[in-house]
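This report refers to the structure that appears directly beneath it.
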Amino acid sequence: MNILSLIVSTDFVYMWIRVATPIIFASLGAVICTRAGVVNLGLEGIMLISALAGVLGSALGGNLFWGMAAGILAAVAVSALFAYCHLILKANNVLCGTAVNTMASGLTVFVLQLVTGEKGNSSSLKSFAFPNLDIPVIKDIPVVGSILSGHNTLTYLALIMVAVIWFFLYKTPTGLRMRAVGENPDAASSVGQNVVKIQFLAIVLCGVMAGLGGMYLSMGYLNMFVRDMTAGRGFISLAACSMGQAAPFGALVSSMIFAFFDGLSNILQVLKIPSEFIQMLPYLATIAGLTVYSIQKSAAAGRKMRKIKEVQG
């Protein structure tokens, strides 16, 4: 079977967009936090807890609304805990993020077993999923309709949120304050801005975005929760944010690049390629992307220093 023919097929591009959805959500959340001067390393844990909370909420509440409410509420609660420890108690953000991720991995399994008696997945629960959406007119266009129509509702929301986050950060007073705090917190504080309050809001908004990404995994990509189903997507989202220079559209492009290799690993499973090599592709792409980003950043810093020396000389 020709790998190239699989990659250029409409099925692969459709899958590519599906795979990118949770990364786009979480990377947009990382953009908000980064612009406010906070690196939220707890994205992985927030996504995982929201994924389980959404499934349990919809199953116990009996409809999709309660699942969505439970997932978002869980994301806000965990994000608020992270923000309180980091901003109020002055704990290191790396330690706080590691604690959230470690807690989420064990807590989700414990709660899952408590509710279902199973440790692996929630298949015994009758949970609800976000519906797929056929776009009028576009769905009838050959090729284009097969790629762009029929995706989960959250996939379209993720794409819309790219523009929404850009507008929020660059066209609203609150977004301006967040960027000001991220660039120079002392200067923002000197003109009366509450730095802790603004960063707290940024972390909570970041959590909501990551929570949507987690819920997509268990209520869109799959129709159940699976143990550790985030599989490093939170960390990949942080890499996408960095590679996209903490800009919404840059994060979108970077997310699509990482998702391409994730999707590629899926289609390579049909070929006789060692599974270990296939599983490492998304993470190898992350390392390569961060390397390219670091080289570009170092080159830009070098050019800036040379210009400064030229002006001074």
Side-chain angles (χ1 to χ4, degrees), residues 3-35 43-44 47 130 132-133 135 138 143-167 169 206 209-210 212-217 220-222 229-269 278-297:
I3 297 179
L4 182 60
S5 64
L6 290 174
I7 293 176
V8 299
S9 67
T10 57
D11 289 338
F12 175 77
V13 180
Y14 180 87
M15 178 185 64
W16 181 9
I17 297 173
R18 290 183 67 225
V19 170
T21 300
I23 302 176
I24 294 172
F25 271 125
S27 65
L28 289 175
V31 166
I32 296 174
C33 262
T34 303
R35 285 295 179 181
L43 291 179
E44 184 84 2
M47 292 177 72
F130 289 92
N132 292 337
L133 180 64
I135 305 176
I138 291 181
V143 181
V144 175
S146 301
I147 294 174
L148 298 181
S149 182
H151 286 283
N152 190 271
T153 308
L154 287 182
T155 297
Y156 297 114
L157 179 61
L159 297 175
I160 292 171
M161 288 306 297
V162 175
V164 171
I165 297 301
W166 175 87
F167 183 85
L169 288 174
C206 171
M209 297 303 297
L212 288 170
M215 284 189 288
Y216 171 79
L217 289 173
Y221 193 73
L222 297 177
M229 68 187 309
T230 47
R233 288 180 176 88
F235 298 110
I236 292 175
S237 299
L238 286 171
C241 171
S242 297
M243 189 174 170
Q245 299 182 352
F249 290 100
L252 170 63
V253 173
S254 299
S255 297
M256 294 301 296
I257 292 174
F258 292 132
F260 173 82
F261 289 97
D262 198 355
L264 182 63
S265 68
N266 290 333
I267 67 170
L268 288 179
Q269 292 178 8
I278 294 173
Q279 292 169 359
M280 80 175 187
L281 279 179
Y283 309 102
L284 184 63
T286 303
I287 295 173
L290 287 177
T291 302
V292 171
Y293 168 73
S294 298
I295 293 173
Q296 292 175 340
K297 190 174 181 179

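Sequential numbering from 1 along the given sequence is applied to the chain's residues. Scope of the values below: all heavy atoms of this structure, side chains included, with no hydrogens, waters or symmetry mates. Keep in mind that this is a model prediction, so the values were computed, not measured.
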Closest non-hydrogen atom pair, [X] against [Y]:
X	Y	result
W16	F260	NE1-N, 3.2 Å
G213	M47	C-CE, 4.0 Å
V19	A259	CG1-O, 3.9 Å
A251	V31	CB-CG2, 3.8 Å

Checklist line | Which residues share a side-chain contact (heavy atoms from CB on, under 4.5 Å) with I147, sequence neighbours left out | finding: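 So I147 forms a side-chain contact (heavy atoms from CB on, under 4.5 Å) with T10, V13, I17, V143.
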Check: Residues in side-chain contact (heavy atoms from CB on, under 4.5 Å) with L157, at least two apart?
Finding: F25, L154, M161, L212
Notebook entry, point to check: Considering residues at least two apart in sequence or located in another chain, which fulfil the side-chain hydrogen bond (donor to acceptor under 3.5 Å, both in side chains) criterion with T21?
Noted result: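 T155.
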Note to self: Quick check: do Y216 and R18 have side-chain heavy atoms less than 4.5 Å from each other?
What the structure shows: yes
Notebook entry, point to check: Can you find a pair of side-chain heavy atoms, one from L28 and one from I24, that are under 4.5 Å apart?
Noted result: yes
Notebook entry, point to check: With a 6.0 Å cut-off on ring centres, are F130 and Y221 close enough?
Noted result: no
How long is the straight-line distance from [atom2] of [Y] back to [atom1] of [X], given to the nearest 0.5 Å?
X	Y	atom1	atom2	value
I236	S255	CD1	OG	10.0 Å
L133	N152	CG	CG	9.0 Å
M229	L222	CE	CG	4.5 Å

Note to self: Could you work out, with ring pair (Phe, Tyr, Trp, His ring centres under 6.0 Å) as the rule, every residue matching Y14, not counting sequence neighbours?
What the structure shows: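 So Y14 forms a ring pair (Phe, Tyr, Trp, His ring centres under 6.0 Å) with H151.
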Check: Applying side-chain hydrogen bond (donor to acceptor under 3.5 Å, both in side chains), which residue pairs with at least one partner in residues 156-165 are found, sequence neighbours left out?
Finding: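 Residue pairs with at least one partner in residues 156-165: there are none.
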Report all side-chain donor-acceptor pairs from residues 237-250 shorter than 3.5 Å, counting only partners two or more places apart or in another chain.
unit_1: S237; atom_1: OG; unit_2: I23; atom_2: O; d: 3.4
unit_1: S237; atom_1: OG; unit_2: R233; atom_2: O; d: 2.7
unit_1: S242; atom_1: OG; unit_2: L238; atom_2: O; d: 3.2

